[in-house]
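See below for the structure under consideration.
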Amino acid sequence: MSKCISLLGSTGSIGRQSLEVIAACGMTVAALTANRDVERMEEQCRQFRPELAVMMDPAAAADLRTRLADTPIRVSSGMEGLIEAATLERADTVLTAVVGMVGLRPTLAAIRQGKRIALANKETLVCAGELVMEAADAHGAEIVPVDSEHSAIFQCLQGSRDRGEVKRLILTASGGPFWGWEKEKIASATVEQALKHPNWSMGAKITVDSASLMNKGLEFIEAMRLYRLPPEKISIVVHRESIVHSLVEYCDNAILAQLGVPDMRLPIQYALTWPARTAAVAKPLDLLTCPPLTFHAPDCDSFPCLSLALEAARTRGTATAALNGANEAAVALFLAGKISFGEIAQRVEHALATVPVVGKPELEDVLAADQAARRAAETL
């Protein structure tokens, strides 16, 4: 069970909910990091009194340093500060809630210190999963998932003696705001429409990924790495109600599922308290009033991003890093109003077709594929 947390990405949606859980569970905070939200970071620092506060943006760090001059809190900036936050000696757990490839290096640094990783940054495993899992094995670091789907699988696997008993993992997808729309209508969807998720309150990037079903494709790849299973042992079903968070089917055809209200505080709490369970922060699920539970096959034709992700999963190597990098770049262009929703998939497909794949990559190969894919997506 965690006692002292370094929280990477404290001002985002997952970060803010994580601090609620940390406070409710009586844990302490060693470090907080953010990108450039100085006002919220100052508030969090004054409440949780971390040893270190890090802003990725140097100007924001200078501003925060002035604001916290009356406190003993040290302020740092950039990737160097992020890595320092991830490796502070008194932190036993690093909760990575940053979005994108920025989470890879500090996560690896924390793993080398043998810390527990409460992982909400899926890009770390998508882009460099083999390297991350090998490092975790070598240094005895626990990786406990925070994503609701992977937390559900993690919980359902607690009843398994060994992975040979697992027939398949079943990831559930809400379907996002465009489920049931015609393909042409989805392609021309606006930013405002893409950000209206029916069940979850999340940051802009992950909400757009949920709308395109890329998020489920990334989770598919993450499941391959985290649970060390081949793609043919992982399935996806669309479950509009977001009550069943994922399932595990065993060799005897028994299926275990984890159910709960759509509240990220539940998987965050379990990642921090595992293997123990503590009094709930999230609301309970009322089986007598929850809606009927439905399941559908995913529509890969209407949601081509999912097909591209599954293709990259089968290719492996740096294909998954290229997929992620191109998607990050394309989503940023969409959110800035520079491309249509349909062009996200087009740009990812272009990057996958043009960036060479390294089958057994080192970290430098992963980073190079990420940058090449971003350039390909931005210059199509």
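Every value quoted in this text rests on a predicted model; they were computed, and no experiment measured them. Computed over heavy atoms, backbone and side chain alike; hydrogens, waters and symmetry mates excluded.
- A distance-only check finds no donor-acceptor pair linking the side chain of R265 to the backbone of K283 [under 3.5 Å].
- Neither side chain, E149 nor T172, offers a donor N or O lying under 3.5 Å from an acceptor on the other.
- By the 4.0 Å N-to-carboxylate-O rule, E42 lies close enough to R67 to be salt-bridged with it.
- Salt bridge present: D70 and R46 bring a charged side-chain N and a carboxylate O closer than 4.0 Å.
- Between K183 and D301, at least one side-chain nitrogen of the basic residue sits less than 4.0 Å from a carboxylate oxygen of the acidic one, meeting the salt-bridge criterion.
- Using a 4.0 Å cut-off between a side-chain N of Lys or Arg and a carboxylate O of Asp or Glu, R228 and D137 qualify as a salt bridge.
- For H350 (side chain) and T354 (main-chain N/O), no donor-acceptor pair under 3.5 Å exists by modelled atom type.
- Remark: side-chain polar atoms of S77 are not paired, donor with acceptor, to backbone N or O of P58 under 3.5 angstrom.
- Under the 30°/60° scheme for interplanar angles, the aromatic rings of F178 and F341 are found to stand perpendicular.
- For K216 and E219, the salt-bridge test passes: some basic side-chain N is under 4.0 Å from an acidic carboxylate O.
- The backbone N or O of F154 lies less than 3.5 Å from a partner atom in the side chain of Q158, making a donor-acceptor pair.
- Within the 3.5 Å criterion, the main-chain N or O of L88 finds a donor-acceptor partner in the side chain of K115.
- Put simply, the side chain of T207 never gets that close to the backbone of L195: no donor and acceptor are under 3.5 Å apart.
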